[in-house]
Amino acid sequence: MGSSAKRKKEKQKDFQKPKLKVGKAKAKPENFTDTSFRSKAIVLNQQSLHVAAPTSTSQFQHHLSLLSSKSDNQRRDSLAHLTTSIVARPVNSPLPQPVSMILSPLLPLLLDANNHVRSQLLKLLRTLPRADIEDHVAQILPYVRAGMTHLAADIRVSAVEVLSWMVDAAGEQVVRCAGGWIKTLNCFLSVLGWHTEESARWSSNRASFGKSGSQGRPMVKVLAALAEFLEAGVGQPKAAPGESPEQEEGASSMWPFPLCDTAHHMGSDSSAPFAYLNLFGQPRDEEGEMYETREDRYRVFSTRFLPAVERGLKSAREEGGELGRASSGVTKVLKEALAYGAGP
């Protein structure tokens, strides 16, 4: 009887309504499952809403600041926006920012690991005014040389393409600046594997890249850039457009007597005509010197680099194909330089 009453009392307990005290929540069942959720949100402490759209200059500055982003796509898209802004500006209008401020965040991207970022960077550099590049050659060259001696073959090829653009845009200023002649030639020999004792310090690899997967196209690009670089350094000087070399030599005869060879004594048009004196800079060694005349550059080239270049060109001709045709361009420049009388 006792067990039966106890069992009956337990059954009635399930149907009894619990008495709740004031301020106390109802107890949850044992099999309760929490199905509530909370969405994440971004809370800004300060928000600024403007009716007017940002100016093109502010957008340009904003995308310049995004070039240091960790996202490859962000850097590439920012470079594309900057390129479009420069190309789409009105004719003869100034750039949104000075070239010096534009180059500062751009130059580190020469060593970027992403191929798309470097290719977009080259497109942007080609849109800059050529007249402004001449004054910033000394700022760009150290990054180019660092890229030419990089461990990654793609970065080396991209750096050579940038150097080719510099020679096309600035011409002789590339080889005249401090370290622009000897140091850059050492980098060329390192990339090509034509090492001398000096260039061996720039790279320990005997061959920077081979033909596998690219049929030697990187070597062809480097040889083409080397031909352009030597043409700017020791090639035959070009006359002004519409003017023959004879007219250029006889230009001094236009001055009245007793003025003789006055054109050779006129002040330089360069922004820093006495930079070669290095009055307030650090002492330079032979590699960091400025070689402003073609004769000085050819003298250094013939004594330090000519034997190694001739050996390399000979081996390139023996391989034939595109590589052999590219080496003929370098050979032609050297022959013209010697025929013009730049050699000793």
Side-chain angles (χ1 to χ4, degrees), residues 39-147 150 152 154-155 157-174 177-178 180 269-273 275:
S39 61
K40 294 184 178 180
I42 299 176
V43 180
L44 301 179
N45 295 330
Q46 297 179 356
Q47 299 187 32
S48 177
L49 301 178
H50 297 278
V51 178
T55 62
S56 58
T57 303
S58 61
Q59 289 183 355
F60 193 90
Q61 182 65 30
H62 174 66
H63 282 278
L64 278 178
S65 64
L66 293 178
L67 294 180
S68 59
S69 172
K70 295 182 179 180
S71 172
D72 297 340
N73 294 333
Q74 181 64 70
R75 296 195 301 273
R76 182 197 60 196
D77 295 341
S78 296
L79 288 172
H81 177 85
L82 296 175
T83 305
T84 305
S85 300
I86 294 175
V87 174
R89 77 185 194 281
V91 181
N92 297 328
S93 63
L95 295 174
Q97 294 289 338
V99 175
S100 58
M101 296 187 63
I102 296 176
L103 289 178
S104 297
L106 287 182
L107 294 180
L109 297 181
L110 288 173
L111 308 177
D112 197 280
N114 189 280
N115 293 332
H116 300 289
V117 173
R118 295 195 310 274
S119 61
Q120 188 63 47
L121 172 63
L122 183 58
K123 294 179 182 179
L124 173 58
L125 292 175
R126 287 172 176 168
T127 61
L128 297 177
R130 295 192 172 190
D132 297 335
I133 300 301
E134 296 182 0
D135 297 332
H136 298 87
V137 167
Q139 180 184 0
I140 306 173
L141 266 181
Y143 290 91
V144 173
R145 289 195 292 263
H150 201 274
D154 294 339
I155 296 180
V157 175
S158 298
V160 170
E161 293 177 349
V162 174
L163 180 61
S164 179
W165 159 76
M166 288 180 58
V167 173
D168 183 47
E172 194 177 0
Q173 294 296 330
V174 179
C177 69
D269 297 333
S270 175
S271 59

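For the single chain, residues carry numbers from 1 onward in sequence order. Just the heavy atoms: all of them, side chains too, but no hydrogens, waters or symmetry mates, feed the values below.
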Exercise. Quick one: does S119's side chain have a donor or acceptor within less than 3.5 Å of a partner on N115's backbone?
Worked result: yes
Exercise. Quick one: CG on L121 to CG on N114, what's the gap to the nearest 0.5 Å?
Worked result: 11.5 Å
For this session: Find out whether V157 and D154 are in side-chain contact, i.e. whether some heavy atom of one side chain is under 4.5 Å from a heavy atom of the other.
Result: no
Exercise. Rounded to the nearest 0.5 Å, what separation is found between the CG atom of L124 and the OG1 atom of T83?
Worked result: 4.0 Å
Seminar exercise, completed: Sequence neighbours excluded, the answer for salt bridge (charged side-chain N to carboxylate O under 4.0 Å, His left out) partners of R75 is D72, D112
Problem set entry | Residues which pass salt bridge (charged side-chain N to carboxylate O under 4.0 Å, His left out) with E161, listed by chain and number, not counting sequence neighbours | K221
Problem set entry | T55 side, atom OG1; Q61 side, atom CD - distance, nearest 0.5 Å | 10.5 Å
Exercise. Shortest non-hydrogen contact from L111 to A146?
Worked result: CD2-C, 3.9 Å
For this session: Kindly write out the residues that satisfy side chain to side chain contact (heavy atoms under 4.5 Å, CB included) with R126, not counting sequence neighbours, or none if the list is empty.
Result: L122, W165
Problem set entry | Side chain to side chain, T57 and Q97, heavy atoms closer than 4.5 Å | yes
Exercise. With side chains defined as the heavy atoms from C-beta onward, is the minimum distance between P94 and R89 less than 4.5 Å?
Worked result: no
For this session: Give the C-alpha distance, both sets of side-chain angles, the deciding distance and a yes or no for side chain to side chain contact (heavy atoms under 4.5 Å, CB included) between T127 and L82.
Result: CA-CA 10 Å; T127 61; L82 296 175; over 6 Å; no
Problem set entry | For H136, ring pair (Phe, Tyr, Trp, His ring centres under 6.0 Å) partners two or more places apart | none
Exercise. Does some side-chain heavy atom of V167 sit less than 4.5 Å from a side-chain heavy atom of S164?
Worked result: no
Problem set entry | Working for side chain to side chain contact (heavy atoms under 4.5 Å, CB included), residues V162 and R118 | CA-CA 10 Å; V162 174; R118 295 195 310 274; over 6 Å; no
Exercise. Is any side-chain heavy atom of F60 less than 4.5 Å from a side-chain heavy atom of I86?
Worked result: yes
For this session: Can you measure from OH (Y143) to CG (L107) and round to the nearest 0.5 angstrom?
Result: 5.5 Å
Problem set entry | Donor-acceptor under 3.5 Å (T84 side chain, A80 main chain) | yes
Problem set entry | All salt bridge (charged side-chain N to carboxylate O under 4.0 Å, His left out) counterparts of D168, not counting sequence neighbours | R130
Problem set entry | Steps toward side chain to side chain contact (heavy atoms under 4.5 Å, CB included) verdict (L103, L125) | CA-CA 9 Å; L103 289 178; L125 292 175; 4.1 Å; yes
Problem set entry | Validation row: L95, P129 side chains within 4.5 angstrom (heavy atoms) | yes
For this session: Please lay out, stage by stage, how D77 and H81 fare under the test side chain to side chain contact (heavy atoms under 4.5 Å, CB included).
Result: CA-CA 6 Å; D77 295 341; H81 177 85; over 6 Å; no
Problem set entry | Minimum heavy-atom distance H150-I155, with the two atoms named | CE1-CD1, 3.4 Å
Problem set entry | Contacts of Q74 that satisfy side-chain hydrogen bond (donor to acceptor under 3.5 Å, both in side chains) - sequence neighbours left out | S78
For this session: Give the minimum heavy-atom separation between P108 and S104, together with the two atoms involved.
Result: CD-O, 3.3 Å
For this session: Taking all non-hydrogen atoms of both residues into account, name the closest pair between A159 and G147 and its distance.
Result: CB-C, 3.5 Å
Seminar exercise, completed: What one should report as the nearest heavy-atom pair of M101 and L64 is O-CD1, 4.5 Å
Problem set entry | Sub-4.5 Å side-chain heavy-atom contact between D132 and L128 | no
Exercise. V174 and M166: which non-hydrogen atoms are nearest, and at how many Å?
Worked result: CG2-O, 3.6 Å
